[in-house]
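First the structure, in the form of structure tokens, and then the observations on it.
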2 protein chains.
Amino acid sequence: MLDPMSGPRRRAPRQAEAERNDRALLAAAREVLAADGAHASVAAIAARAGVGIGSLYRRYRTKQELFQRLCVLSLDSWNDAAERGLAAQDPWEGLAGFVTACVEFGQGSLAPIAGLIEVTEEMRAKSDRSDELLAALVTRAQEAGAIRPDVTPVDISLLIEQLGSSPVLDQLRRQGREDLLAAAGHARRRIITITLDGLRTIHAGPLPGPAPTERLFTERWEPHPDPA
Amino acid sequence: MLDPMSGPRRRAPRQAEAERNDRALLAAAREVLAADGAHASVAAIAARAGVGIGSLYRRYRTKQELFQRLCVLSLDSWNDAAERGLAAQDPWEGLAGFVTACVEFGQGSLAPIAGLIEVTEEMRAKSDRSDELLAALVTRAQEAGAIRPDVTPVDISLLIEQLGSSPVLDQLRRQGREDLLAAAGHARRRIITITLDGLRTIHAGPLPGPAPTERLFTERWEPHPDPA
DNA sequence: CGGGTTGCGGAGTGAATTGCTCCGTTATAC
DNA sequence: GTATAACGGAGCAATTCACTCCGCAACCCG
């Protein structure tokens with residue numbers, strides 16, 4: 001055993017690459033989780049990140065550890081979005097912005113791992129905080145008369161989870177149909193708009209973006225040439 | 001080889017049981033697909049149906065054949081619901097009833113197998129028919145001024161698919177939390193109501209059922225004692 | 001009761017997949 | 001050049017999968 005303190009501290013030579021890899025891994029994990037659900041494999045995550053399996057396992061000792069990290073980051077995003085929502089002047093815009101943000105950073109893709117990983121103390125704490133923030137957002141919107149008086153924060157959570165995964169989008173991604181992704185994204189925003197309008201006391205304007213095409217719905221069923 | 005025509009045709013002795021098994025298998029397949037997605041295994045389906053694997057494979061030569069049958073039945077349900085919707089006097093009630101019906105018989109749970117099975121001619125034909133029916137439903141509701149003028153039939157299809165799987169409900173089922181299933185069902189109906197209201201030109205009444213409890217959202221994360 | 005038929009259940013099989021380890025290789029610092 | 005830190009991915013044991021095979025039970029008719 002050598003004394004680790006011997007000699008002056010050296011800068012890790014390839015530290016920057018390691019950091020980039022870490023970010024790539026987390027992003028890839030989110031994508032693969034969205035695409036494959038509970039099925040998601042470590043190999044797929046590493047491959048998507050363009051990183052060797054070995055590097056993944058140097059950074060995270062187990063698959064569970066990676067997923068726990070992902071949960072913490074998602075809770076942070078949730079809380080950030082909630083705080084931005086509370087900072088908005090208009091209560092409705094605040095709530096709608098919050099929901100949209102959660103849906104868009106892929107909150108829903110974490111649902112499949114619920115119950116499969118241990119909940120850490122850190123996760124629980126951040127989750128408590130997120131409950132408070134959401135309650136505040138909802139209360140404020142209701143007091144302003146912007147949303148139905150009988151929706152509860154849990155309704156909103158469930159709604160975020162429901163919108164948070166997009167069957168069409170995820171599947172097209174799984175099939176590697178890059179050509180349809182943009183259209184699917186537009187279609188999804190329309191669905192979100194519709195749902196959010198159902199939350200309001202008053203109705204808003206027209207649906208955003210171009211109307212979705214049939215192809216979106218039918219081409220998924222063509223026999224799937226594995227994207228590998 | 002014996003001549004199969006020798007002797008008088010005999011009634012199959014245990015034909016009734018076979019038929020019951022078939023129905024159980026199809027129902028189980030739907031449930032397992034909803035719970036496990038593309039991950040769904042033949043063994044799980046047979047077990048859930050309370051039927052041996054051997055019996056499953058006598059009825060359907062392959063997994064794909066079972067799934068294809070399931071698709072055909074789902075398309076039938078879809079078309080039946082659409083026809084009932086068109087038969088309703090009120091255009092809005094017709095469309096809303098159709099969407100609700102599709103969501104409730106689990107249309108969404110078939111999404112994960114898109115691209116994994118070959119589309120048969122029968123499926124394609126029934127699918128064409130369903131497109132016509134849906135277009136008629138939407139047109140009628142729009143001409144009556146009941147729904148936003150800019151929603152398209154594809155929007156509705158996507159909306160059904162989005163609502164057709166309930167992350168919470170499916171996951172609780174997977175975990176065997178029978179105690180929370182009713183609550184999750186109520187919560188889901190509230191989400192559906194909200195979304196459908198977002199479709200309408202006018203807003204409807206209050207949300208149905210009891211407000212969802214926190215437990216619905218939190219207990220899923222408790223470490224999962226495998227239901228086996 | 002007995003012979004014959006029909007459907008049943010599930011152990012077993014080979015192939016594929018999984019989480020993870022181990023080690024030879026490559027890039028950087030001095 | 002040499003030391004070091006991070007890399008990629010072949011390989012491993014364990015599990016999972018779709019599917020086969022066969023012994024057994026339920027039922028019919030005489």
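None of the values given here were measured: they were computed from a predicted structure. In what follows, chains carry the letters A, B, and so on, assigned in the order in which the sequence lines appear, proteins first and then strands, with residues in each chain numbered from 1.
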What is the separation between atom CD1 on A/Ile45 and atom P on C/dC20, rounded to the nearest whole Å? 11 Å

Measure from CD on A/Glu65 to C1' on C/dC20 and round the result to the nearest Å. 13 Å

To the nearest angstrom, the CZ-P distance between B/Arg59 and D/dT20 comes to 17 Å

Pairing donors with acceptors under 3.5 angstrom, does anything connect the side chains of B/Asp155 and B/Thr152? yes

Specify the separation, in whole Å, of atom CG of B/Asp22 and atom P of C/dG7. 13 Å

N/O (side chain, B/Ser55) to phosphate O (OP1/OP2, C/dG9) under 4.0 Å: yes

Side chain of B/Gln171, backbone of A/Ala111: donor and acceptor closer than 3.5 Å? yes

Quickly work out the A/Leu116 CG to C/dT18 P distance and round it to whole Å. 15 Å

Return the 5'-most residue of the pair B/Arg58, B/Lys63 with respect to DNA chain D, ranking by each residue's nearest nucleotide. B/Lys63

CD of B/Glu19 versus P of C/dT6: gap in Å, rounded? 17 Å

Identified salt bridge (Lys or Arg N to Asp or Glu O under 4.0 Å) partner of A/Glu104 from the options A/Arg189, A/Arg188, A/Arg30: A/Arg189

Separation of C/dC20 atom P from A/Tyr60 atom OH, nearest Å, is 14 Å

Residue closer to the 5' end of DNA chain C, A/Thr62 versus B/Ile53 (nearest nucleotide): B/Ile53

Selected nucleotide, minimal atom distance to B/Val42 side chain, candidates C/dG9, D/dA18, D/dC17: D/dA18

Between B/Arg48 and B/Glu31, is the closest basic N to carboxylate O distance under 4.0 Å? yes

Give one of base, sugar-phosphate or nothing for A/Ala40, where a contact means two heavy atoms less than 4.0 Å apart. sugar-phosphate

So, B/Gln162 side chain and A/Ser165 main chain: donor-acceptor pair closer than 3.5 Å or not? yes

Spacing between A/Leu25 atom CG and D/dA6 atom P, to the nearest angstrom: 15 Å

Just to confirm, is there a sub-4.0 Å distance from OP1 or OP2 of C/dC8 to any side-chain nitrogen or oxygen of B/Asn21? yes

Counting only side-chain heavy atoms from C-beta out, which of C/dC8, D/dC17, C/dG19 sits nearest to A/Ser41? C/dG19

Residue met sooner reading DNA chain C from 5', once A/His39 and A/Gly54 are mapped to nucleotides: A/His39

